[in-house]
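Remarks on the structure that follows.
Numbered from 1 within each chain, the chains take letters A, B, ... in sequence-line order. Side chains are part of it too, since the values below use all heavy atoms of this structure and drop only hydrogens, waters and symmetry mates. This structure is a prediction, so every number in the text was calculated from the model and none was measured.
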Number of protein chains: 2
Amino acid sequence: MGRQPSAKPTSFDIAYLAGVSQPTVSRALRGSKSVSAATRANIERIARELNYTVDKNASSLRSQRTHTLALLFFEDPTPDQSMINPFFLSMLGSITRQCALRGYDLLISFQQMHNDWHVAYQDSHRSDGIILLGYGDYQLYRSKLEHLVEMDTKFVRWGSVSDDSIGLTVGSDNVGAGMQAGRHLIEIGRRTIAFLGDASDHAPEFQDRYAGLCRAMEGAGLSPDPALQRDAISSEESGHAAARALLASGRPFDAIFAASDLIAIGAMRALTEAGLRLPQDVAVIGFDDIPAANLTSPTLTTVMQDMKSAGELLVDALLRRLDNLPVERSVLPTRLIKRQSTAV
Amino acid sequence: MGRQPSAKPTSFDIAYLAGVSQPTVSRALRGSKSVSAATRANIERIARELNYTVDKNASSLRSQRTHTLALLFFEDPTPDQSMINPFFLSMLGSITRQCALRGYDLLISFQQMHNDWHVAYQDSHRSDGIILLGYGDYQLYRSKLEHLVEMDTKFVRWGSVSDDSIGLTVGSDNVGAGMQAGRHLIEIGRRTIAFLGDASDHAPEFQDRYAGLCRAMEGAGLSPDPALQRDAISSEESGHAAARALLASGRPFDAIFAASDLIAIGAMRALTEAGLRLPQDVAVIGFDDIPAANLTSPTLTTVMQDMKSAGELLVDALLRRLDNLPVERSVLPTRLIKRQSTAV
DNA sequence: ATATTATGCGTATACGTATACCCTATGGTC
DNA sequence: GACCATAGGGTATACGTATACGCATAATAT
């Protein structure tokens, strides 16, 4: 529209045109009720005509609120590689959308985890709070989290929601998800179910999924065989190696529950290479429902996490934390997506 | 380390402790050479001890430079879906890394394209410049770009680097890539090569890839058959539909060059469903080298774009533009990744 | 020895907004 | 008719940093 090619208008310009003072402009545009309706309407009209925008820096400096959140990925195995776990990417979409809805900007960083996050983002007033995402070495992670808590950094994280978790956490019901997967495999007649994924306390989410599987099996009168659990981190290679090791052990099994789709995909490759038929010989279930899960052959049955709610809850929890409102951990239900890899 | 639990230190605090004035602190920390080495060292030491960080808002307000870039995705087909083209995600990784290296923060948004970007990011001093990414309706896109140019918004975009392109552009050598793909198919003995992808000027990148294919064929004495080109947007469904239509036409072909991996994957599914053997009956080449390309069966031969350089060049070009340095469009070479879908 | 320039730093102020505080005119209360 | 509350908006100032300018002192030139 009719826009001045001149310098950017300030609240003083508007004030002058409206015949009021600058603070009145500020009040009017921020919705203060101590401005008459007529004055406000006039100011808003002029602001629109001039294409006025509040200067973010000045506003943040004065109010000490940036209306910006920082999203940080924590993932240690691939410092240089641009390969990001596809699961987190769909989370990213969800979070950006929610930030936009709530009127917040989103700053993102894939940098390696270091101790200076509070400095880099909060102390320098780049963002009001931090969202943490990522798998990785949980022990290392944990010490960093403790540091953040100590520094009184405002943050929320995605992860395993257990009692001892540090800071404010939002996550899926991993135990429940494990049960879903286990029950489904049992329903289709499988009795000896292997689990691929780190079950130590280095990876609480995987641990929970395994616990859920075990509970489902016990509920059906089956006893989980610890020898059928193999460690794996969330990568295709790791899944491939774990499945090969399992096969090499000679221990029979008729199903695999993998702690992530990447693991499952690697495992399926190993099984196929070993001449096994899927799902007749071995049924496979993954976790995350990444896009590739629908492309494998057979297509992969998996547990889908509620990404849409995840982003909403993460952002909402963090904003409540910033406002010092009461806020509790959230646990999200999951959904089983049945595909060919368990279709008998 | 020994950190005051009190309010955040300012440059005045440092100045007081160092026995100098606040501006000297600012100069010292910003590397001005009109500060003696001794004074600077002392100031830096105190700043470190106090865990001092420059306040981003105050700094940006005063200097009128935010040291922040905004990354905007433009993709119209899926306004609500969180499904993002995997290709752009690897670009995202590359860009974030480069921003970090250059000392810039990255603001990201997946919002729908609208006319107010300059307002939302540049005019409000949220960022110094904008990076545009995305496929989509090019005609619509084009009008928006013209608007940005008119508003003197500082931006750079990823796309087809042709003479009439608007604004500063960085992109792959799509014509050259098409030639690479075509030559490879010809080398393995294919003569009737189909192309799946929009070849109209709605999608200049796809158009260029098709042009490269045609040039390769003509160079080998073959004449491209226009009937073997079928429109498709970058999605699996679209690729599936296009391939089915091609099969239904009854026109024989022994190879497909798809304008993107997603299209190729959809096409492979259609071919398999039709009982054709890959690559014996039909060889397939995709584009982008998304992670899933290595998971299909057969694994997909594809053209890889140089993501690492892409991020570097985009960021570098934009920063040069911000500094009013001379900057030109860049064209990046591509690399053919041979996999099973063309292994005869 | 005087003029000249560079070095190192302090003084003053601008960046644009938000908010605490104060003031003026109403209107209603007894 | 003196009294107080309220609406509506002005005045002053703070947020923390960066930069134009000026002014010494010291270094160099002539």
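Judged by distance alone, with hydrogens and angles left aside, the side-chain atoms of Arg40(A) form a donor-acceptor pair with the main-chain N or O of Ser32(A) at under 3.5 Å.
When the P atom of dT17(D) is taken as reference, atom CG of Leu29(B) falls 9 Å away, rounded to whole Å. As a whole-Å value, the separation of Ile43(A) CD1 from dA18(C) P is 13 Å. A straight line from CG of Asp13(A) to C1' of dG16(C) spans 11 Å, rounded to a whole angstrom. Rounded to whole angstrom, the span from the CG atom of Asp55(A) across to the C1' atom of dG16(C) amounts to 6 Å. Between His125(A) atom NE2 and dC15(D) atom P there is a gap of 11 Å when expressed in whole angstrom units. Between Asn57(A) atom CG and dA18(D) atom P there is a gap of 12 Å when expressed in whole angstrom units. Atom pair Arg65(A):CZ and dA14(D):P shows a separation of 23 Å (rounding to whole Å applied). If you measure from atom CG of Leu61(A) to atom P of dT17(D), you get 9 Å, rounded to the nearest angstrom.
Nucleic acid contact class of Ser26(A) (heavy atoms, under 4.0 Å, all strands): base.
Side-chain nitrogen and oxygen atoms of Ser63(B) include none within less than 4.0 Å of the OP1 or OP2 phosphate oxygen of dA18(D). One finds no side-chain N or O of Thr10(A) lying less than 4.0 angstrom from the OP1 or OP2 phosphate oxygen of dG16(C). A close approach under 4.0 Å does not occur between any side-chain nitrogen or oxygen of Gln64(B) and OP1 or OP2 of dA18(D).
Counting heavy atoms from C-beta outward, Ile166(A) and Arg142(A) have side chains that approach closer than 4.5 Å. Residues Trp158(B) and Leu332(B) form a side-chain contact, since some pair of their non-hydrogen atoms from C-beta on lies under 4.5 Å apart. Side chains of Met91(B) and Leu314(B) form a contact here, defined as non-hydrogen atoms less than 4.5 Å apart. Thr10(A) places none of its side-chain heavy atoms less than 4.5 Å from the side chain of Asp55(A).
By the side chain to side chain contact (heavy atoms under 4.5 Å, CB included) test, Arg62(A) pairs with no residue at all, sequence neighbours left out.
Axis angle across the helix from dA1(C)-dT30(D) to dC30(C)-dG1(D), with five pairs used at each end and values rounded to 10°: 40°.
Between the side chains of Arg65(A) and Ser63(A), not a single donor N or O lies within less than 3.5 Å of an accepting N or O. Side-chain contact annotation: Lys56(A) with Thr68(A), donor-acceptor N/O pair under 3.5 Å present.
Here the options are Ile131(A), Ile130(A), Leu107(A), the test is side chain to side chain contact (heavy atoms under 4.5 Å, CB included), and the partner is Leu72(A); only Ile130(A) passes.
The side chain of Ser11(A) sits closest to dT17(C) out of dA18(D), dT19(C), dT17(C).
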Letter by letter from the 5' end, nucleotides 8-13 of chain D scores (B base, S sugar-phosphate only, - none; protein heavy atoms under 4.0 Å) SBBBB-

